[in-house]
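One structure below.
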Amino acid sequence: MRDAQSIIARMNAVRLKGPKAMWYAVAMDTLLDLFLKQETVSREGLKAEMARRMEKHADNELLRGSYEEAIAQLTDPISASVE
């Protein structure tokens with residue numbers, strides 16, 4: 001039973017870490033989409049668009065966590081990256 005609990009704990013840790021480690025993918029995807037529509041993009045505009053997308057994908061844990069971390073990275077860009 002202890003081994004099963006340990007395995008479950010490790011799986012949950014990876015599941016929670018995954019979206020945060022992939023923040024740059026959703027940030028770049030959003031940035032490129034915005035550049036197709038406009039010539040310049042501000043940090044605040046990028047954060048606002050990612051917040052809109054995060055709300056749109058609220059039921060997708062992976063995307064929601066990725067957008068959340070990307071917004072955090074843009075808010076505090078000197079925060080430690082997830083390894």
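- We find the NZ-CG distance between Lys56 and Leu63 to be 10.0 Å, quoted to the nearest 0.5 Å.
- Closest heavy-atom contact between Met50 and Val26: SD-O, 4.4 Å.
- For the atom pair CD (Glu69) and OG1 (Thr75), the distance works out to 10.0 Å, reported to the nearest 0.5 Å.
- From Glu49, atom CD reaches atom CD of Glu44 across 13.5 Å, with rounding to the nearest 0.5 Å.
- The salt bridge (Lys or Arg N to Asp or Glu O under 4.0 Å) test applied to Glu55 returns no partner, not counting sequence neighbours.
- Here side chain to side chain donor-acceptor pair (under 3.5 Å) pairs that include residues 24-41, with residues two or more places apart or in two chains, are Thr30-Arg53, Asp33-Arg53.
- A salt bridge does not link Arg64 to Glu61: none of the charged side-chain nitrogens sits closer than 4.0 Å to a carboxylate oxygen.
- Rounded to the nearest 0.5 Å, atoms NZ (Lys47) and CE (Met54) are 11.5 Å apart.
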